[in-house]
Amino acid sequence: MKKVTATGKTVEAAIQSALQQLQATRDMVKYHVLEEPSRGFFGLIGVRNAKVEVILQDEPANNEDMAVVREPSVSEPVPEPELATAVSLSEEETEELPIRAVKVDAIRQGKAFLEEVLATMGLDIEVEEQMQDGNPVFIIKGSGLGLIIGRRGQTLDSLQYLVNVVANRHADKRVRIVLDAENYREKRKEALGQLADRMASQVARTHKPVRLEPMNPAERKVIHSRLQKHPKVETFSEGTEPYRRVVITIKK
C-alpha cells in the first residue's frame with residue numbers, strides 16, 4: 001500500500017496534487033483530510049492550506065466503496081472576523097459578485113481586523129473609534145501598550161499599515177485610518193518639533209547641513225512644516241523608503 005501527503009489551497013487541489021504524485025486516478029485511492037484550509041484574518045494573517053493523506057488501493061474501488069475520513073486538524077482553524085468572507089475573496093470570485101457585495105464599510109473592517117490581531121496577541125485591550133480632522137482614529141487602550149507601540153513607534157506604524165490594507169482592500173471609498181496609543185502620536189510630534197528647532201539652530205550656527213534619521217512620511221512632514229518659515233534654514237527629503245530622511249541646510 002502506497003500513500004502520500006499533499007497540500008493545496010483547497011482539499012480538492014491537495015487531492016489532485018497527490019494523484020499526480022501517485023500517478024493514479026480518483027477511483028484508485030482513498031483519502032483522509034488531515035487539515036482543513038483556513039483563510040486566516042481577512043486573507044492576510046494565519047492563512048493555511050489544506051492537507052490530505054491519499055492512499056493507493058491494491059484494487060480500484062467503486063464509488064460506493066470510496067472512503068473519506070476527515071480527521072480533526074492538529075490546531076483548530078483560526079476563527080474569521082465578521083465580514084471576513086467578503087474581504088478575503090479572490091479577484092476571480094469578486095468579479096462574479098454584484099458590485100454591492102464588495103462594497104464594505106472600510107472603518108468597520110479595519111477595526112474588526114485590529115481587534116482580532118490584538119486578541120490573538122493575548123492582550124486585554126479596548127479599541128475606541130474617534131474622528132480627528134476628518135480621519136478615523138483608533139485609540140488603543142489597556143495594559144502592555146509598550147508592546148503595541150514598539151521602538152519609536154515602529155510596531156504601531158506597521159500595525160497601522162496592515163489595518164489600512166485590510167480596510168481599503170475592497171472598500172468603495174478609500175479611508176486613512178490612524179492608530180494611536182497612550183497619546184503617542186502627539187508626544188512624538190512634540191519631540192520632532194523640538195528636534196527640528198535644535199538642528200535648525202545648529203545649522204544656522206555652523207552653516208553645515210544636518211541629515212536626520214530615516215522617518216516615515218508623516219514624521220518628515222512635521223519637520224518640514226516646523227521649519228517652513230525659518231529665516232535661515234530650509235529642508236528637503238532625500239533617499240528612498242523606508243530610508244528616506246530630512247536634510248536641514250542653510251538657505252541659499
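Note: hydrogens, waters and symmetry copies are ignored here, and every other heavy atom, side chains too, is used.
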Peer 1: How long is the gap from CG on L195 to CD1 on I223, to the nearest 0.5 Å?
Peer 2: 5.0 Å

Peer 1: Could you go through K251 and E234, starting from their C-alpha distance and side-chain angles, then the distance that decides it, and tell me whether this counts as side chain to side chain contact (heavy atoms under 4.5 Å, CB included)?
Peer 2: CA-CA 6 Å; K251 276 187 176 179; E234 59 186 6; 4.0 Å; yes

Peer 1: Answer yes or no: is there an ion pair linking K3 with E53, defined by an N-O contact shorter than 4.0 Å?
Peer 2: yes

Peer 1: Tell me whether L156 shares a hydrophobic cluster with L192, the cluster being built from Ile, Leu, Val, Met, Phe, Trp, Tyr side chains joined at under 4.5 Å.
Peer 2: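 Result: no, two separate clusters.
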
Peer 1: Are I107 and F113 connected into the same hydrophobic cluster when the rule is that any two of I, L, V, M, F, W, Y join if their side-chain heavy atoms are below 4.5 Å apart?
Peer 2: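 Yes, F113 connects to I107 through the hydrophobic network.
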
Peer 1: To the nearest 0.5 Å, how far apart are NZ in K187 and CG in D180?
Peer 2: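 The CG atom of D180 is 9.5 Å from NZ of K187, to the nearest 0.5 Å.
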
Peer 1: Atom CE of M199 and atom CD1 of I248: how far apart are they, to the nearest 0.5 Å?
Peer 2: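 Going from the CE atom of M199 to the CD1 atom of I248 covers 7.0 Å.
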
Peer 1: Scan residues 238-250 for pairs that pass side chain to side chain donor-acceptor pair (under 3.5 Å), counting only residues two or more places apart or in two chains.
Peer 2: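 Listed once each, the pairs are R211-E238, R220-E241.
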
Peer 1: Using side chain to side chain contact (heavy atoms under 4.5 Å, CB included), reason through M215 and V222 one step at a time and then give a plain yes or no.
Peer 2: CA-CA 10 Å; M215 299 177 185; V222 172; over 6 Å; no

Peer 1: Which distance, rounded to the nearest 0.5 Å, do you find between the CG of L159 and the CD1 of I140?
Peer 2: 6.0 Å

Peer 1: For residues L227 and A200, report the shortest heavy-atom separation together with the two atoms involved.
Peer 2: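 Residues L227 and A200, closest heavy atoms: CD2-CB, 3.7 Å.
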
Peer 1: For residues 146-160, which residue pairs qualify under side chain to side chain donor-acceptor pair (under 3.5 Å), counting only residues two or more places apart or in two chains?
Peer 2: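 For residues 146-160, and leaving out neighbouring residues, the side chain to side chain donor-acceptor pair (under 3.5 Å) pairs sorted by first residue read R152-E213, D157-R185, D157-N216, Q160-R185.
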
Peer 1: Between T120 and E116, is there a donor-acceptor pair closer than 3.5 Å when you use the side chain of the first and the backbone of the second?
Peer 2: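 A pair under 3.5 Å: yes.
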
Peer 1: For V29 and A24, work out which heavy atoms get closest and say how close.
Peer 2: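 Answer, listing the atom of V29 first, then A24: CG1-CB, 4.2 Å.
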
Peer 1: Just verifying a value: how many Å separate E12 CD and L19 CG, rounded to the nearest 0.5 Å?
Peer 2: 8.0 Å

Peer 1: Provide the closest heavy-atom pair for G8 versus A13 in the form atom of the first, atom of the second, distance.
Peer 2: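 Minimum heavy-atom separation between G8 and A13: CA-CB, 4.3 Å.
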
Peer 1: Any side chain to side chain donor-acceptor pair (under 3.5 Å) involving residues 127-149? Give me the pairs, sequence neighbours left out, ordered by first then second residue.
Peer 2: E128-Q130, E128-K141, Q130-Q132

Peer 1: Quick one: list whatever passes side chain to side chain contact (heavy atoms under 4.5 Å, CB included) with I149, sequence neighbours left out.
Peer 2: A181, E182, Y184

Peer 1: Evaluate the side chain to side chain contact (heavy atoms under 4.5 Å, CB included) criterion for residues N168 and V175: first the C-alpha distance (whole Å), next the side-chain angles of each, then the deciding distance (0.1 Å), finally the verdict.
Peer 2: CA-CA 7 Å; N168 291 293; V175 298; 3.8 Å; yes

Peer 1: If every non-hydrogen atom of S237 is compared with every non-hydrogen atom of V246, which pair is closest and at what distance?
Peer 2: OG-CG2, 4.2 Å

Peer 1: Are the side chain of N164 and the backbone of I177 linked by a donor-acceptor contact shorter than 3.5 Å?
Peer 2: yes

Peer 1: Is the count of non-hydrogen atoms from other residues, nucleotides or ligands lying under 6.0 Å from K111 atom NZ greater than 12?
Peer 2: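 Yes, NZ of K111 has more than 12 neighbouring heavy atoms, counting only those of other groups under 6.0 Å.
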
Peer 1: So if you build clusters from Ile, Leu, Val, Met, Phe, Trp, Tyr with side-chain heavy-atom gaps below 4.5 Å, do V178 and F138 land together?
Peer 2: no

Peer 1: What are the two closest non-hydrogen atoms of H207 and A204, and how far apart are they?
Peer 2: CD2-O, 3.3 Å

Peer 1: Distance check, rounded to the nearest 0.5 Å: T25 atom OG1 versus L56 atom CG?
Peer 2: 9.0 Å

Peer 1: Less than 4.5 Å apart, side chain to side chain, heavy atoms only: is that true for I139 and V127?
Peer 2: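 No; the side chains remain at least 4.5 Å from each other.
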
Peer 1: Are M28 and V11 in one and the same hydrophobic cluster, where Ile, Leu, Val, Met, Phe, Trp and Tyr link if side-chain heavy atoms are under 4.5 Å apart?
Peer 2: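 Looking at the clustering, V11 is in the same group as M28.
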
Peer 1: In terms of hydrophobic clusters joined by side-chain contacts under 4.5 Å, are L118 and V165 together?
Peer 2: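 Yes, because L118 and V165 connect within a single hydrophobic cluster, where side-chain heavy atoms sit under 4.5 Å apart.
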
Peer 1: Taking only residues two or more places apart in sequence or in another chain, which ones pass salt bridge (charged side-chain N to carboxylate O under 4.0 Å, His left out) with E190?
Peer 2: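 E190 satisfies salt bridge (charged side-chain N to carboxylate O under 4.0 Å, His left out) with no other residue.
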
Peer 1: Answer yes or no: is there a donor N or O on one side and an acceptor on the other, between the side chain of H230 and the main chain of K232, under 3.5 Å?
Peer 2: yes

Peer 1: S201: what forms a side chain to side chain donor-acceptor pair (under 3.5 Å) with it, not counting sequence neighbours?
Peer 2: none

Peer 1: Test of understanding: with side chain to side chain contact (heavy atoms under 4.5 Å, CB included), list the residues that count as partners of S225, not counting sequence neighbours.
Peer 2: K221

Peer 1: Which residues satisfy the side chain to side chain contact (heavy atoms under 4.5 Å, CB included) test with A14, sequence neighbours excluded?
Peer 2: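 Per chain and number, A14 pairs via side chain to side chain contact (heavy atoms under 4.5 Å, CB included) with V52.
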
Peer 1: Given side chains that start at C-beta, do those of V33 and Y31 come closer than 4.5 Å, heavy atoms only?
Peer 2: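 Heavy-atom side-chain distance check passes, below 4.5 Å.
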
Peer 1: One pair to check against side chain to side chain contact (heavy atoms under 4.5 Å, CB included): L145 and I125. What are the steps and the verdict?
Peer 2: CA-CA 9 Å; L145 294 181; I125 284 176; 3.7 Å; yes

Peer 1: Could you list all the salt bridge (Lys or Arg N to Asp or Glu O under 4.0 Å) pairs where at least one residue sits in residues 197-209, not counting sequence neighbours?
Peer 2: D197-R226

Peer 1: What residues join F236 in its hydrophobic cluster, counting side-chain heavy atom gaps under 4.5 Å, either direct or through other members?
Peer 2: V247

